[in-house]
Visitor: 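Would you mind keeping the following structure in view while I ask a few things?
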Amino acid sequence: MIQSNPPLMHHYGALLRNSGEPKQAKTFNLQNPSAVDACDLPLIDLAALKSSNERDTKACTAAICKAASEWGFFQVVNHGISHDLLRKMRNEQMKLFEVPFQKKITCGLLNNPYRWGTPTATRSTHFSWSEAFHIPLTMISEAASWGEFSSLREAINEFAPAMLEVSRLLASILAQNLGYPKDTVEKLCDAGTCFLRLNHYPCCPKSKEEIFGLVPHTDSDFLTILYQDQVGGLQLMKDSKWVAVKPNPDALIVNIGDLFQAWSNDEYRSVEHKVVANDKMERYSVAYFLCPFNNTVINGCKGPSVYRKFTFGEYRHQIQEDVKKIGHKIGLSRFKL
């Protein structure tokens, strides 16, 4: 039988043996998903931004900024991306992950953006039961790089600009609230600086209490927009405890990244989140990362800066070095004054 899923169990077992962890360490810092409260993220109707009623528009922008400050996460509906396009993207994503594993790691698609498990993990709690294609959007125009996956390229060619438009709209509102000019984000982030990550979480035979689908982390961008299926599994940290996000078939999920937290001097929150493994159903999601040019300087917008000045390129490099040395990201705490 041809295997499309990566050898995650083999990798996970080897990690346990090589790390010398005692058995009880498997449940280190994990939480029984059944004991986690489900939450309804703030739900924001973006149609109000086009309303002729100024009060409705102001209420919508205020809700976006409030959610960014209090939750770091929110949902948006009437975002302008059609259900047909979302379905097309999901179908192409599923076809890609159904390709045999050996082909995924050797086909050379898009300069090898395929990732599985966590090669840098030094402990089982750093391991993610998932596979992904992390696609730089500069690659869309290079038709030859897509080989037999031309239909995936066509889907991304429609999907990515639509996600860029929504992400810039939201980021512009958040930036203006901090006192920046309306076109600031548009100048810092364009189609070529952003990334698309296609995620697949295969069924996991281990218990949910023992392993992550995606380890706890924050995002390293300005903001992320997530299109997920209805399986569930996304959890975020709220008031010092994990809460589960209820899937909403009509909504996209938005979360604040590290750059906005630093840029806003902690007014907006880049919140730790994770995906729990599922022993019965596989899960799919697509994440769009709104990133600036590498030379973009991140500095606090008002008052004494909480963080020292740094460039996005410097921040990415520091994260890569931390992951190589200790197996996981440290993030903004390295840049605090």
Visitor: Run the numbers on His200 and Asn5 for side chain to side chain contact (heavy atoms under 4.5 Å, CB included), then give the verdict.
Guide: CA-CA 9 Å; His200 175 224; Asn5 289 336; 3.3 Å; yes
Visitor: Taking Ser167 for the side chain and Met163 for the main chain, is one N or O donor matched with an acceptor at less than 3.5 Å?
Guide: yes
Visitor: Mind checking whether Phe195 and Trp116 sit in one hydrophobic cluster, side chains of I, L, V, M, F, W, Y counted as touching below 4.5 Å?
Guide: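 No, separate clusters.
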Visitor: Assess whether a salt bridge exists between Glu54 and Lys58, defined as any Lys/Arg side-chain N lying under 4.0 Å from an Asp/Glu carboxylate O.
Guide: yes
Visitor: Are any side-chain N or O atoms of Gln93 and backbone N or O atoms of Asn199, one a donor and one an acceptor, separated by less than 3.5 Å?
Guide: yes
Visitor: Nearest 0.5 Å please: distance from the SG atom of Cys65 over to the CZ atom of Phe74.
Guide: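 If we round to the nearest 0.5 Å, Cys65:SG and Phe74:CZ are 8.5 Å apart.
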Visitor: Between Glu272 and Thr218, does a side chain to side chain donor-acceptor pair (under 3.5 Å) hold up when you go through it step by step?
Guide: CA-CA 5 Å; Glu272 193 174 33; Thr218 59; over 6 Å; no
Visitor: Just by modelled atom types, is the Val297 backbone N or O under 3.5 Å from a matching donor or acceptor in the Lys309 side chain?
Guide: no
Visitor: With respect to Tyr315, which candidate in Tyr307, Phe335, Phe222, Trp263 satisfies the ring pair (Phe, Tyr, Trp, His ring centres under 6.0 Å) definition?
Guide: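 Of all the options given, the one that passes is Phe335.
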Visitor: Using side-chain heavy atoms (C-beta onward) and a distance below 4.5 Å, is Leu196 in contact with Leu137?
Guide: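 In contact.
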Visitor: Okay, side chain of Thr193, backbone of Phe293: is any donor-acceptor separation there less than 3.5 Å?
Guide: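 It does not hold such a pair.
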Visitor: Salt bridge check, Glu131 against Lys104: does any charged N sit closer than 4.0 Å to a carboxylate O?
Guide: yes
Visitor: Do the side chains of Cys194 and Leu164 get nearer than 4.5 Å, heavy atoms only?
Guide: yes
Visitor: First locate atom NE2 of His328, then atom OG1 of Thr125, and finally report the distance between them rounded to the nearest 0.5 Å.
Guide: 8.5 Å
Visitor: Do Leu332 and Val306 sit in the same hydrophobic cluster, where Ile, Leu, Val, Met, Phe, Trp and Tyr count as joined when their side-chain heavy atoms come under 4.5 Å apart?
Guide: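 Same cluster.
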Visitor: Gln102 and Thr106: side-chain donor and acceptor closer than 3.5 Å?
Guide: no
Visitor: Test your reading of the model: is there a side-chain donor-acceptor pair from Asn248 to the backbone of Asp250, 3.5 Å cut-off?
Guide: yes
Visitor: Locate the shortest heavy-atom distance separating Pro202 from Ser130; write the atom from each residue and the value.
Guide: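 Looks like CD-CA, 4.0 Å.
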Visitor: So how far is it from Phe312 CZ to Asn294 CG, rounded to the nearest 0.5 Å?
Guide: 6.0 Å
Visitor: Please check if Tyr227 and Phe289 belong to a single hydrophobic cluster, counting links between Ile, Leu, Val, Met, Phe, Trp and Tyr side chain heavy atoms closer than 4.5 Å.
Guide: no
Visitor: Can you confirm whether Val231 sits close enough to Pro247 that some side-chain heavy atom of one is under 4.5 Å from a side-chain heavy atom of the other?
Guide: no
Visitor: A side-chain contact here means heavy atoms from C-beta on lying under 4.5 Å apart; do Val243 and Leu236 qualify?
Guide: yes
Visitor: Test side chain to side chain contact (heavy atoms under 4.5 Å, CB included) on Leu152 and Met89 and set out the steps.
Guide: CA-CA 8 Å; Leu152 172 64; Met89 187 68 237; 3.9 Å; yes
Visitor: If every non-hydrogen atom of Leu15 is compared with every non-hydrogen atom of Ala121, which pair is closest and at what distance?
Guide: CD1-O, 3.4 Å
Visitor: Report yes or no: does Trp129 contribute a side-chain atom to a donor-acceptor pair with the main-chain N or O of Cys203 at less than 3.5 Å?
Guide: yes
Visitor: Examine distances only and state if a side-chain atom of Gln75 and a backbone atom of Leu41 form a donor-acceptor pair shorter than 3.5 Å.
Guide: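 Yes: the side chain of Gln75 pairs with the backbone of Leu41.
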Visitor: Quick one: CD on Gln261 to CG on Asp219, what's the gap to the nearest 0.5 Å?
Guide: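 That separation rounds to 12.0 Å.
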Visitor: Give, for atom CG of Leu46 and atom CD1 of Ile64, the distance between the pair rounded to the nearest 0.5 Å.
Guide: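 Between atom CG of Leu46 and atom CD1 of Ile64 there are 5.5 Å.
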Visitor: Output yes when Lys95 and Glu98 qualify as a salt bridge under the 4.0 Å nitrogen-oxygen rule, no when they do not.
Guide: no
Visitor: Test side chain to side chain contact (heavy atoms under 4.5 Å, CB included) on Ile211 and Cys204 and set out the steps.
Guide: CA-CA 9 Å; Ile211 194 164; Cys204 178; 3.4 Å; yes
Visitor: Checking Thr118 side chain against Thr120 main chain: does a donor-acceptor pair fall under 3.5 Å?
Guide: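 Answer holds: no.
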Visitor: Is the shortest side-chain heavy-atom distance between Trp71 and Asn255 below 4.5 Å?
Guide: no
Visitor: Please test Asn278 against Glu282 for side chain to side chain donor-acceptor pair (under 3.5 Å), starting from the C-alpha separation and ending with a verdict.
Guide: CA-CA 7 Å; Asn278 191 306; Glu282 60 186 343; over 6 Å; no
Visitor: Atom CD of residue position Glu165 - does it have more than 12 heavy atoms of other residues, nucleotides or ligands inside 6.0 Å?
Guide: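 It does not: Glu165 CD has 12 such atoms or fewer within range.
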Visitor: Quick check: do His273 and Met237 have side-chain heavy atoms less than 4.5 Å from each other?
Guide: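 No; the side chains remain at least 4.5 Å from each other.
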Visitor: Could you walk me through whether Tyr180 and Cys301 pass the side chain to side chain contact (heavy atoms under 4.5 Å, CB included) check?
Guide: CA-CA 8 Å; Tyr180 290 102; Cys301 62; 3.3 Å; yes
Visitor: Just how far is it from atom NZ of Lys88 to atom OG of Ser82, taken to the nearest 0.5 Å?
Guide: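 Separation between the atoms: 9.5 Å.
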Visitor: Would you say the side-chain atoms of Lys329 and Ser220 include a donor-acceptor pair closer than 3.5 Å?
Guide: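 Lys329 vs Ser220: donor-acceptor pair found between side chains.
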Visitor: Which atom pair, heavy atoms only, marks the closest approach of Pro292 to Leu259?
Guide: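 Result for this residue pair: CD-CD1, 3.5 Å.
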Visitor: Would you say the ring centers of His11 and Phe127 fall short of 6.0 Å from each other?
Guide: yes
Visitor: Is there a path from Leu43 to Phe73 through hydrophobic residues (I, L, V, M, F, W, Y) whose side chains come within less than 4.5 Å of each other?
Guide: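 No.
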Visitor: Would you please say whether a donor-acceptor pair under 3.5 Å links the side chains of Thr311 and Asn295?
Guide: no
Visitor: Considering all heavy atoms of both residues, which atom of Ser305 and which atom of Leu337 are nearest to each other, and what is their separation?
Guide: O-CD1, 3.4 Å
Visitor: Is it true that Val77 and Leu49 fall in one hydrophobic cluster, defined by side-chain heavy atoms closer than 4.5 Å?
Guide: no
Visitor: Within 45° of the ring axis of Tyr284 and under 6.0 Å from its six-membered ring centre, is that where the NZ or CZ of Arg90 lies?
Guide: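 Relative to the ring axis of Tyr284, which defines the angle, Arg90 lies outside at least one limit.
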Visitor: For the pair Lys238 and Glu70, find out whether any cationic side-chain nitrogen is under 4.0 Å from an anionic carboxylate oxygen.
Guide: no
Visitor: Are Ser172 and Gln176 close enough, and set up right, to give a side chain to side chain donor-acceptor pair (under 3.5 Å), and what steps lead you there?
Guide: CA-CA 6 Å; Ser172 176; Gln176 287 180 81; 3.3 Å; yes
Visitor: Which heavy atom of Phe97 sits nearest a heavy atom of Leu198, and at what distance?
Guide: CZ-O, 3.2 Å
Visitor: Given 3.5 Å as the limit, does a donor-acceptor pair link the side chain of Arg197 with the main chain of Tyr288, or not?
Guide: no
Visitor: Any heavy-atom pair between the side chains of Leu169 and His79 that's under 4.5 Å?
Guide: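 The answer is no; the side chains never approach within 4.5 Å.
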Visitor: State, yes or no, whether a side-chain contact exists between Ile253 and Ile225 at a heavy-atom distance under 4.5 Å.
Guide: no
Visitor: If you take all heavy atoms of Gly72 and Val271, which pair is closest and at what distance?
Guide: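 In terms of heavy atoms, the two residues are closest at CA-CG2, 3.9 Å.
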Visitor: Return yes if some donor-acceptor pair links the side-chain N/O of His126 with the main-chain N/O of Ser124 below 3.5 Å, else return no.
Guide: no
